[in-house]
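Not measured: the values here are computed from a predicted model. Nothing fancy with the numbering, it's 1 onward along the sequence.
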Amino acid sequence: MTVIDPDTKAGWVPDADEVDEEEEMPLSLRLSIADTLTLGNATCGFMAVYFTTTGILIPHLTGSQETGMARHSAATAVILMLCAAVFDLFDGLVARKLRSSPMGAELDNLSDLISFGLAPAYFVLVYGMVADDAHQRVAAVGAIVVLLAVVLRLARFSCVTVKDGTFQGMPSPFGALTVVSIVLLELPFVATLLAILGTAWLMVSRVEYPKPRGRLAVAMLSWIVLSMGLLAAWAFDAPSGQLLLQTGCALQLVMGAVIPLFATARRVNNFRDNRREARAAQLP
């Protein structure tokens, strides 16, 4: 658009730099490095669903007897969920060190829903279809409970403020890895279903879990790398691979059960200490 200068009566055309500034992408649409990691989280979750479908469900429906492919695909799907957990761990660290875009929180919740809600719930659903002693419809109910637990947890996380350094309820990455560990343990169907429902309850509970920062973040990353190694050994049928995998899955379940016990014991001790201090303050 040409503008007429009232003093010189000459036409004036905006400079190219001014046009570029006006057409510059809005701040809310720019992706930061942390957002890129978050999108990697979502991609891993989607690919976990893909490998669960193509490597486990479709061979089962077509009557394929290639059990090795099913094992490789199951391991790949779980490894992708572990990779999603790594992305989820680092996107928060990067966002705190550098910057996050206005879309960061929303992207994080949507990606977590795919990787730690849809992917493990779908894993449970497929387990109910392919396992010999499983009941498909009951397993479908368990899968829906897992998905809804993650949805409720993420929604609550967005609108509830908790004290710094803690999560309220089991974090969704930890819950997702616990759910798939329960399935991989190959327990009887009833025990598997009850353990899955218990994990879903912990995700929406008020039990406090520490945030993975500092040494805890390093420990969590080390545990994820170790879990990937155990899954790889199991997938390629390494000596004692099955035993190593079951040991790792059992340890994941133990951690999922022990952390709430420690948190509850700490809360009880804090309550007792507060009561003692209140009584001491009332004494003359």
Side-chain angles (χ1 to χ4, degrees), residues 24-53 76-123 146-162 164-181 199-200 202-204 209-228 231 252:
E24 194 174 2
M25 182 180 294
L27 180 63
S28 60
L29 297 181
R30 300 179 195 170
L31 292 178
S32 65
I33 298 176
D35 295 335
T36 305
L37 295 174
T38 303
L39 293 178
N41 172 6
T43 302
C44 289
F46 175 78
M47 293 305 297
V49 173
Y50 168 79
F51 278 100
T52 303
T53 303
T76 302
V78 180
I79 287 175
L80 283 166
M81 294 184 212
L82 289 167
C83 290
V86 174
F87 280 119
D88 185 63
L89 175 65
F90 278 102
D91 67 0
L93 297 176
V94 171
R96 286 190 292 270
K97 294 293 184 181
L98 300 177
R99 69 173 182 86
S100 60
S101 72
M103 297 188 298
E106 286 73 16
L107 285 176
D108 190 58
N109 278 348
L110 292 172
S111 298
D112 286 354
L113 179 59
I114 296 172
S115 299
F116 311 125
L118 175 62
Y122 187 71
F123 198 80
V146 170
L147 179 62
L148 294 181
V150 176
V151 170
L152 292 172
R153 172 179 168 69
L154 293 175
R156 186 179 67 184
F157 179 77
S158 299
C159 59
V160 175
T161 302
V162 296
D164 188 39
T166 62
F167 288 115
Q168 189 178 81
M170 179 183 284
S172 52
F174 194 88
L177 299 180
T178 303
V179 166
V180 297
S181 296
T199 303
L202 284 173
M203 283 193 281
V204 297
Y209 284 76
K211 288 186 177 180
R213 296 178 180 175
R215 294 181 179 178
L216 185 58
V218 174
M220 180 179 175
L221 183 61
S222 301
W223 173 248
I224 289 175
V225 173
L226 176 61
S227 299
M228 289 181 180
L231 284 163
Q252 178 72 28

Visitor: State the CG-SG distance between D88 and C83, to the nearest 0.5 angstrom.
Guide: 12.5 Å

Visitor: Would L231 and L82 count as a side-chain contact (heavy atoms from CB on, under 4.5 Å) if you check the C-alpha gap in whole Å, the side-chain angles of each, and the deciding distance to 0.1 Å?
Guide: CA-CA 11 Å; L231 284 163; L82 289 167; 3.6 Å; yes

Visitor: Taking all non-hydrogen atoms of both residues, which atom of M81 and which atom of P120 are closest, and how far apart?
Guide: CE-N, 4.1 Å

Visitor: Just verifying a value: how many Å separate L147 CG and L113 CG, rounded to the nearest 0.5 Å?
Guide: 6.5 Å

Visitor: Please report the closest heavy-atom contact between Q252 and W223, naming both atoms and the distance.
Guide: OE1-NE1, 2.8 Å

Visitor: How long is the gap from CD on E106 to OG1 on T38, to the nearest 0.5 Å?
Guide: 11.0 Å

Visitor: Using every non-hydrogen atom in the two residues, find where F87 and C44 come nearest and quote the distance to one decimal.
Guide: CE1-SG, 3.7 Å

Visitor: F90 pairs by side-chain contact (heavy atoms from CB on, under 4.5 Å) with which of N41, L37, I33?
Guide: L37

Visitor: My understanding is that only residues two or more places apart in sequence, or in another chain, count here; which of them pass side chain to side chain donor-acceptor pair (under 3.5 Å) with T52?
Guide: none

Visitor: How far does CZ of F46 sit from CG of L118, to the nearest 0.5 angstrom?
Guide: 9.5 Å

Visitor: Could you give me the CA-CA distance, side-chain angles and deciding distance for M220 and F174, then say whether side-chain contact (heavy atoms from CB on, under 4.5 Å) is met?
Guide: CA-CA 10 Å; M220 180 179 175; F174 194 88; over 6 Å; no

Visitor: Of all heavy-atom pairs between L154 and S172, which one has the smallest distance, and what is that distance?
Guide: CD2-OG, 4.2 Å

Visitor: Given side chains that start at C-beta, do those of S222 and L226 come closer than 4.5 Å, heavy atoms only?
Guide: no

Visitor: Could you state the interatomic distance from CG (L89) to CD1 (I224), rounded to the nearest 0.5 Å?
Guide: 6.5 Å

Visitor: Looking only at non-hydrogen atoms, find the nearest pair between R156 and M203 and report the distance.
Guide: NH2-O, 3.7 Å

Visitor: What is the minimum heavy-atom distance between A119 and G45, and which atoms define it?
Guide: CB-O, 3.9 Å

Visitor: Are the side chain of D108 and the backbone N or O of A105 linked by a donor-acceptor pair below 3.5 Å?
Guide: no

Visitor: Starting at CD1 of I114, measure out to OH of Y122 and round the result to the nearest 0.5 Å.
Guide: 15.0 Å

Visitor: Check whether any side-chain heavy atom of R153 sits under 4.5 Å from a side-chain heavy atom of P171, and report yes or no.
Guide: yes

